[in-house]
Amino acid sequence: MPTLVDSTVPVGSLAARPQPTLSAGSGVLLRPWDLGDAQAVMGAYQDGEIQRWHVQRADSVAEAQEWIAGWQGSWAAETGVHWAVVDSETDVLLARAALKGLKFADGTAEVAYWTVPAARGKGVCPQAVEAMTSWAFDVAGFHRLDLEHAVGNTASCRVAEKTGFAVEGVRRSAWLQTDGRHDVHVHARLRSDR
């Protein structure tokens with residue numbers, strides 16, 4: 001069925017080029033995932049806070065490699081963009097930053113992230129989200145980025161606030177987590193907010 005509006009982000013515009021590496025300043029780099037990151041990913045998903053808010057764990061390096069392969073493939077499929085957030089000098093994994101649920105017609109995507117315990121409280125995640133957001137608006141051409149988190153996840157809320165994602169409301173009892181249902185804060189940022 002023909003559409004009456006042009007796509008905000010041209011289909012094929014991501015897959016036509018390699019996924020970029022982004023500098024987030026202060027020694028933080030966003031780079032495409034590598035299968036060699038599997039041990040670090042498995043370790044991250046052993047953390048109680050990551051398990052609590054992401055409701056997943058990795059039980060083996062092979063399982064983490066499968067996840068990474070999926071993250072890598074999402075670039076070519078134009079369904080997501082996933083970065084390893086690393087120390088720019090040591091390449092040690094600090095966090096994950098991702099855009100999921102890409103909708104090229106509307107120019108929207110969902111922001112996702114986590115931080116390893118050793119990197120928490122150091123501004124890594126806000127730096128990574130800001131770098132990813134700038135790329136999404138200025139290079140990829142997205143119009144709106146959505147960011148949602150469980151209301152009880154105050155650290156995630158601070159990341160949203162620090163990076164200019166305005167609160168738009170609460171979705172009641174929207175997420176099922178290991179301890180039951182959670183209300184979800186809805187934040188968003190528009191390209192025009194810059």
Side-chain angles (χ1 to χ4, degrees), residues 22 24-31 33 37 40-58 64 67-68 70-71 74 79-87 92-103 108-137 140 142-191 193-194:
L22 309 175
S26 300
V28 176
L29 199 65
L30 282 71
R31 64 160 172 76
W33 287 97
D37 297 319
V41 169
M42 187 183 87
Y45 277 91
Q46 301 308 305
D47 174 63
E49 287 299 298
I50 290 176
Q51 287 182 5
R52 179 179 184 197
W53 301 119
H54 295 269
V55 295
Q56 290 181 306
R57 71 171 193 249
W67 292 358
I68 291 169
W71 296 339
S74 68
T79 57
V81 186
H82 302 263
W83 280 281
V85 181
V86 299
D87 181 287
V92 168
L93 182 66
L94 305 172
R96 171 182 175 244
L99 296 172
K100 307 183 310 178
L102 307 183
K103 296 180 182 169
T108 63
E110 303 163 19
V111 172
Y113 47 83
W114 49 250
T115 307
V116 301
R120 290 183 187 143
K122 299 178 180 175
V124 169
C125 208
Q127 287 176 287
V129 169
E130 185 57 44
M132 180 174 65
T133 299
S134 293
W135 175 85
F137 290 146
F142 284 90
H143 168 73
R144 174 189 169 97
L145 300 180
D146 295 312
L147 189 162
E148 295 185 355
H149 62 83
V151 170
N153 189 346
T154 56
S156 193
C157 197
R158 284 194 302 273
V159 170
E161 291 169 348
K162 286 179 180 179
T163 54
F165 282 78
V167 176
E168 292 190 336
V170 174
R171 293 194 313 128
R172 296 176 301 129
S173 194
W175 287 358
L176 178 61
Q177 304 206 238
T178 57
D179 60 349
R181 295 248 170 226
H182 284 255
D183 292 349
V184 174
H185 270 165
V186 177
H187 298 256
R189 190 163 161 189
L190 307 178
R191 185 175 14 190
D193 290 341
R194 306 189 79 225

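This is a predicted model, so every value here is computed, not measured.
- For the atom pair Arg96 CZ and Ile68 CD1, the distance stands at 10.5 Å (nearest 0.5 Å).
- Nearest heavy atoms, Glu110 versus Gly101: OE2-CA, 4.3 Å.
- Evaluation of the side chain to side chain donor-acceptor pair (under 3.5 Å) rule for Arg158 yields no partner, not counting sequence neighbours.
- With sequence neighbours excluded, no residue forms a side chain to side chain donor-acceptor pair (under 3.5 Å) with Glu161.
- Listed here is the closest heavy atom pair of Ala119 and Val124: O-CG2, 4.0 Å.
- Listed by chain and residue number, nothing satisfies the side chain to side chain donor-acceptor pair (under 3.5 Å) test with Thr154 (two or more places apart in sequence, or in another chain).
- Side-chain contact check for Leu29 versus Val85: every heavy-atom pair is 4.5 Å or farther apart.
- Here the closest heavy-atom approach between residue Asp193 and residue Ala188 is recorded as OD2-O, 4.4 Å.
- Taking every heavy atom of both residues into account, Leu93 and Val86 meet most closely at CA-CG1, 4.1 Å.
- In this view, Arg31 and Asp37, Asp91 satisfy the side chain to side chain donor-acceptor pair (under 3.5 Å) rule, not counting sequence neighbours.
- The minimum heavy-atom distance linking His82 with Ser74 is given by the pair CD2-OG, 3.0 Å.
- In summary, Asp47 and Arg120 engage in a salt bridge, as defined by a charged side-chain N under 4.0 Å from a carboxylate O.
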Evaluate the criterion side-chain contact (heavy atoms from CB on, under 4.5 Å) for residue pair Trp135 and Val81; output intermediate values, then yes/no.
-> CA-CA 11 Å; Trp135 175 85; Val81 186; 4.3 Å; yes
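- Atoms CG and CD, from Asn153 and Glu49 in turn, are 7.5 Å apart once rounded to the nearest 0.5 Å.
- Contact check for Val111 versus Phe165: side-chain heavy atoms found under the 4.5 Å cut-off.
- A pairwise comparison of heavy atoms in Ser173 and Asp183 identifies N-OD1, 2.7 Å as the closest pair.
- Contact of the Tyr113 side chain with the Met132 side chain is not registered, since no non-hydrogen atoms from C-beta on lie closer than 4.5 Å.
- Separating the CG atom in Leu22 from the CD atom in Gln127 is a distance of 13.0 Å, to the nearest 0.5 Å.
- Taken from CZ in Arg191 to CG in Leu145, the straight-line distance is 10.0 Å, to the nearest 0.5 Å.
- Using a 4.5 Å heavy-atom cutoff, the side chains of Val41 and Trp33 are in contact.
- For the atom pair OG1 (Thr79) and CG (Leu99), the distance works out to 11.5 Å, reported to the nearest 0.5 Å.
- Among residues two or more places apart in sequence or in another chain, the ring-ring contact (aromatic ring centres under 6.0 Å, His included) test is passed with His187 by His149, His185.
- Side-chain contact between Leu147 and Arg189 is absent, with no heavy atoms from C-beta onward closer than 4.5 Å.
- Applying the ring-ring contact (aromatic ring centres under 6.0 Å, His included) rule to Tyr45 yields the partners Trp67, Trp114; only residues at least two apart in sequence or on another chain are considered.
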